[in-house]
Asks: 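Sharing a structure below in structure tokens format, with a few things to ask.
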Amino acid sequence: MGRRQRVAILGSTGSIGTSTLDVIARHPDRYEVFGLSAHDRVAELREQCLRFAPRWAVLPDVAKARALRAELAGSGLRTEVLDGAAALCELASAPEVDAVMAAIVGAAGLPPCLAAARAGKRLMLANKEAIVVGGALFIEAVRAGGATLLPIDSEHSAIFQCLPVDRSRWPDTIDHLILTASGGPFRRRDPATLADVTPEQAVAHPNWVMGRKISVDSATMMNKALEVIEARWLFDLEPRRIRVVIHPQSIVHSMVVCRDGSVLAQLGTPDMRVPIAYGLSFPERIESGASRLDFLGLQALSFEAPDPGRFPGLQLAWDALAGPAGSTAVLNAANEEAVAAFLAGTIPFTAIHSTNARTLESVDPGLPHGHGLEELLELDGRARAEARRQMNTLRVGR
């Protein structure tokens, strides 16, 4: 097989990062960990360093990086601990790195994703916000750098697995896409009671083990809105050809409706190690560690339309895609701020949607067609400030 593939994992202490390390550990003959990064979980990153002995470890905070260096001192490891946002981009584009798992949550993942794309890496994209914010800029970086972009979100990986390896055949294959959604913990809850939802209730996903932010996004179905935007860019489709259905069992991970009327679907247990293993090994397949689907033990698979009264945020995906360039970045920034405020207990659950909708209406993206990273980051900052203003208005009005 030749030498092992060197992998950098951005966001290694989150659920995607730890699942990626689990898959890698099953294939020590194929992969080695070159670099790891975390936001603030120093203890977890230390344990990962001791187990996988990466060449680099990155933390954004100088003090936390200093603490990790001290904890690794005397371990015998040659791990170099770096700090700062620039170090993330350096890791993502390092010449020694073959593949990058982009699992940082939020718009903060955009700069290192762009760096990996421009450096021509195998880029495994679990950070949907990077493409939601980056849009055309992100896709152009992939093309210009000759990167291999592989979706890791279970829905987009499912679609990718159903499509021909030859991307030039995609336009002749696809009629439309169907993204499936579990419906989250409030699929049957009375919409009139959603204002009383607590953070603990919102993060209790019925099927998947995920981080707190994405769990809240699942509860509001904003994760599906972001995935619609992601699908538009990944598969180069008009937004009207991307649809969403609720599938509570999370067995069918998404579907491709072909031009001849055939429907291709990818099925499996709800385990992120499946799309991660496919991203690492594409176009081959390797053992993921996920349990096999037991068809004889399955109950009925059901599908239903999303209730706009319970999940009003879903429509914002098509609204943002129909707006000026940069509108999807505004929507993402507002949602990140609103979810953080809800988890902190400063706004009610229903104010997440109100904040997102009002911010999308209030912020003029003001971006020309050829906008770059600096302009996008400036827009992200403006949108966040407006979202905070909107939340203050909502609090005053209560």
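Please read these numbers as outputs of a predicted model, since none were measured by experiment. Each residue takes its place number in the sequence, starting with 1.
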Asks: Return the set of residues passing side chain to side chain donor-acceptor pair (under 3.5 Å) with S254 (not counting sequence neighbours), or none when no residue passes.
Replies: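 With neighbours one apart ignored, the set is empty.
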Asks: Linking I/L/V/M/F/W/Y whenever their side-chain heavy atoms sit closer than 4.5 Å, directly or via other members, would L177 and V165 fall into one cluster?
Replies: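 Cluster IDs for L177 and V165 match.
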Asks: Would you sort out whether D380 and L110 count as a side chain to side chain contact (heavy atoms under 4.5 Å, CB included), showing the intermediate values?
Replies: CA-CA 11 Å; D380 179 80; L110 177 58; over 6 Å; no
Asks: In Å, rounded to the nearest 0.5 Å, how long is the span from CG of L264 to SG of C258?
Replies: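 It comes to 4.0 Å.
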Asks: Is there a donor-acceptor pair closer than 3.5 Å between any side-chain N or O of T359 and the backbone N or O of A383?
Replies: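 It does not hold such a pair.
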Asks: Given 3.5 Å as the limit, does a donor-acceptor pair link the side chain of Q5 with the main chain of A99, or not?
Replies: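 Checked: no pair found.
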Asks: My understanding is that only residues two or more places apart in sequence, or in another chain, count here; which of them pass salt bridge (Lys or Arg N to Asp or Glu O under 4.0 Å) with R41?
Replies: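 So R41 forms no salt bridge (Lys or Arg N to Asp or Glu O under 4.0 Å) with any residue.
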Asks: Please check if the side chain of N335 supplies one atom and the backbone of I352 the other of a donor-acceptor pair under 3.5 Å.
Replies: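 Checked: no pair found.
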Asks: So, taking the atom named CZ in F235 and the one named CZ in R167, what distance separates them when rounded to the nearest 0.5 Å?
Replies: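 One gets 8.0 Å once the value is rounded to the nearest 0.5 Å.
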Asks: Can you tell me which residue pairs pass the salt bridge (Lys or Arg N to Asp or Glu O under 4.0 Å) test with a partner in residues 94-113, sequence neighbours excluded?
Replies: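 Output for this query lists R3-D98.
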Asks: Got L125 and C113 here, is their nearest side-chain heavy-atom distance under 4.5 Å?
Replies: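 They are in side-chain contact.
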Asks: Provide the closest heavy-atom pair for K64 versus D61 in the form atom of the first, atom of the second, distance.
Replies: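 In terms of heavy atoms, the two residues are closest at N-OD2, 2.9 Å.
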Asks: Considering only NZ, NE, NH1 and NH2 on the basic side and carboxylate oxygens on the acidic side, decide whether R382 and E378 come within less than 4.0 Å.
Replies: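 Yes, this pair counts.
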Asks: Using a cut-off of 6.0 Å, state whether more than 12 heavy atoms not belonging to E238 lie near its atom CD.
Replies: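 Above 12, so yes.
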Asks: Is a donor on one side and an acceptor on the other found under 3.5 Å between the side chain of H247 and the backbone of L301?
Replies: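 A pair under 3.5 Å: no.
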Asks: Keeping to residues at least two apart or across chains, list the salt bridge (Lys or Arg N to Asp or Glu O under 4.0 Å) pairs with something in residues 288-301.
Replies: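 Non-adjacent pairs meeting salt bridge (Lys or Arg N to Asp or Glu O under 4.0 Å): E287-R292.
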Asks: Which pair of non-hydrogen atoms, one from I178 and one from H176, has the smallest distance, and what is that distance?
Replies: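 Smallest heavy-atom distance, with atoms named: CG1-CD2, 3.9 Å.
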Asks: Under 4.5 Å between side-chain heavy atoms, chaining through other members, with only Ile, Leu, Val, Met, Phe, Trp and Tyr counted: pull out the rest of the cluster around V105, sorted by chain and number.
Replies: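 In the cluster with V105 there is nothing else; it is isolated.
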Asks: Hydrogens and angles aside, do Q249 and S302 bring a side-chain donor and acceptor to less than 3.5 Å of each other?
Replies: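 Yes.
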Asks: For the NE2 atom on H39, are there more than 12 heavy atoms of other groups (residues, nucleotides or ligands in this structure) within a distance under 6.0 Å?
Replies: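 Atom NE2 in H39 is not packed in, count stays at 12 or less.
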Asks: If you look at every heavy atom in N223 and S218, which pair is closest and at what distance?
Replies: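 Residues N223 and S218, closest heavy atoms: OD1-CA, 3.4 Å.
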Asks: When you compare the side chain of I286 with that of V23, does any pair of heavy atoms fall below 4.5 Å?
Replies: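 Counting from C-beta outward, V23 and I286 do come under 4.5 Å.
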Asks: Is there a side-chain contact between L45 and S12 in this structure, where contact means two heavy atoms from C-beta onward sitting under 4.5 Å apart?
Replies: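 When only atoms from C-beta onward are counted, S12 and L45 do touch, with a gap below 4.5 Å.
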Asks: Side-chain contact, heavy-atom cut-off 4.5 Å: K224 with L179?
Replies: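 Result yes, sub-4.5 Å side-chain heavy-atom pair found.
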Asks: Once rounded to the nearest 0.5 Å, what's the spacing between atom CG of L321 and atom CZ of R240?
Replies: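 Between L321 CG and R240 CZ, I get 13.5 Å after rounding to 0.5 Å.
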Asks: First locate atom CD1 of I131, then atom CG of L226, and finally report the distance between them rounded to the nearest 0.5 Å.
Replies: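 That separation rounds to 12.0 Å.
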Asks: Search all heavy atoms of F138 against all heavy atoms of L114 and return the closest pair with its distance.
Replies: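 In terms of heavy atoms, the two residues are closest at CA-CD2, 3.8 Å.
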Asks: Whether the side chain of E284 engages the backbone of S281 through a donor-acceptor N/O pair (distance < 3.5 Å, no angle test) should be reported.
Replies: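 No, E284 side chain to S281 backbone: no donor-acceptor pair under 3.5 Å.
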Asks: Ignoring hydrogens and angles, state whether a donor on the side chain of Q48 or E44 is under 3.5 Å from an acceptor on the partner side chain.
Replies: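 No.
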Asks: So which heavy atom on G11 is nearest to which on I104, and how close?
Replies: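 That closest heavy-atom pairing would be N-CG1, 4.0 Å.
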Asks: Test side chain to side chain contact (heavy atoms under 4.5 Å, CB included) on M124 and L280 and set out the steps.
Replies: CA-CA 8 Å; M124 297 172 285; L280 283 166; 3.7 Å; yes
Asks: Give, for atom CZ of F160 and atom CG of L149, the distance between the pair rounded to the nearest 0.5 Å.
Replies: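 F160 CZ to L149 CG: 8.0 Å, rounded to 0.5 Å.
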Asks: Applying salt bridge (Lys or Arg N to Asp or Glu O under 4.0 Å), which residue pairs with at least one partner in residues 67-91 are found, sequence neighbours left out?
Replies: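 Qualifying pairs: R46-E71, R69-D83.
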Asks: For the backbone of P28 and the side chain of R4, can you confirm whether one donor and one acceptor N or O come within less than 3.5 Å of each other?
Replies: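 Here the side-chain-to-backbone pair exists.
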Asks: Applying salt bridge (Lys or Arg N to Asp or Glu O under 4.0 Å) to E155 and K128, what does each step give before you reach the verdict?
Replies: CA-CA 11 Å; E155 298 81 2; K128 67 174 65 69; over 6 Å; no
Asks: Which atoms form the tightest heavy-atom contact between S182 and I246, and what is the distance?
Replies: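 Shortest heavy-atom separation between S182 and I246 comes out as O-CG2, 3.8 Å.
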Asks: Any sub-3.5 Å donor-acceptor pair from R212's side-chain atoms to P199's backbone N or O?
Replies: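 It does not hold such a pair.
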Asks: Stepwise, does the side chain to side chain contact (heavy atoms under 4.5 Å, CB included) test hold for N356 with L360?
Replies: CA-CA 6 Å; N356 293 344; L360 190 60; over 6 Å; no
Asks: Any chance CD of E374 has more than 12 other-residue heavy atoms, nucleotides or ligands included, within less than 6.0 Å?
Replies: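 Incorrect, the count does not exceed 12.
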Asks: Under the salt bridge (Lys or Arg N to Asp or Glu O under 4.0 Å) criterion, do E47 and R51 qualify, and how do the steps go?
Replies: CA-CA 6 Å; E47 293 305 311; R51 181 179 179 188; over 6 Å; no
Asks: Could you go through the side chain to side chain contact (heavy atoms under 4.5 Å, CB included) check for H353 and T220 one step at a time?
Replies: CA-CA 8 Å; H353 171 66; T220 62; over 6 Å; no
Asks: Looking at S19, S288, P151, S157, which hits side chain to side chain contact (heavy atoms under 4.5 Å, CB included) with P275?
Replies: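 Only one of S19, S288, P151, S157 forms a side chain to side chain contact (heavy atoms under 4.5 Å, CB included) with P275, namely S157.
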Asks: Answer whether the closest heavy-atom distance between the side chains of V33 and V7 falls below 4.5 Å.
Replies: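 The answer is no, as the side chains (C-beta and beyond) never meet within the 4.5 Å cut-off.
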Asks: Donor-acceptor pair, T79 side chain versus P54 backbone, under 3.5 Å?
Replies: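 At least one qualifying donor-acceptor pair exists.
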Asks: Quick check on R169: does its CZ atom have over 12 non-hydrogen neighbours (other residues, nucleotides or ligands) under 6.0 Å away?
Replies: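 No, CZ of R169 has 12 or fewer neighbouring heavy atoms, counting only those of other groups under 6.0 Å.
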Asks: Determine whether T180 and M255 make a side-chain contact, defined as any pair of heavy atoms from C-beta on separated by less than 4.5 Å.
Replies: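 They are in contact (side-chain heavy atoms under 4.5 Å apart), so the answer is yes.
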Asks: Identify the residue among D236, L163, L237 that makes a side chain to side chain contact (heavy atoms under 4.5 Å, CB included) with W170.
Replies: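 The single option meeting the side chain to side chain contact (heavy atoms under 4.5 Å, CB included) with W170 is L163.
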Asks: Between L59 and D40, is any pair of side-chain heavy atoms under 4.5 Å apart?
Replies: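 No; the side chains remain at least 4.5 Å from each other.
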Asks: Tell me whether E361 is salt-bridged to R358, with the criterion being a basic N under 4.0 Å from an acidic carboxylate O.
Replies: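 A salt bridge is absent here (no side-chain N lies under 4.0 Å from a carboxylate O).
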Asks: How long is the straight-line distance from CD1 of I347 back to CG of N392, given to the nearest 0.5 Å?
Replies: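 The CG atom of N392 sits 10.5 Å away from the CD1 atom of I347.
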Asks: Under a 3.5 Å threshold, yes or no: a donor from one side chain and an acceptor from the other, between T355 and E337?
Replies: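 Absent: no donor and acceptor within the cut-off.
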Asks: May I ask you to test the I174-I159 pair for a side-chain heavy-atom distance under 4.5 Å?
Replies: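 Not touching, per the 4.5 Å side-chain cut-off.
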Asks: Between S75 (side chain only) and L77 (backbone N and O only), is there a donor and an acceptor less than 3.5 Å apart?
Replies: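 Yes.
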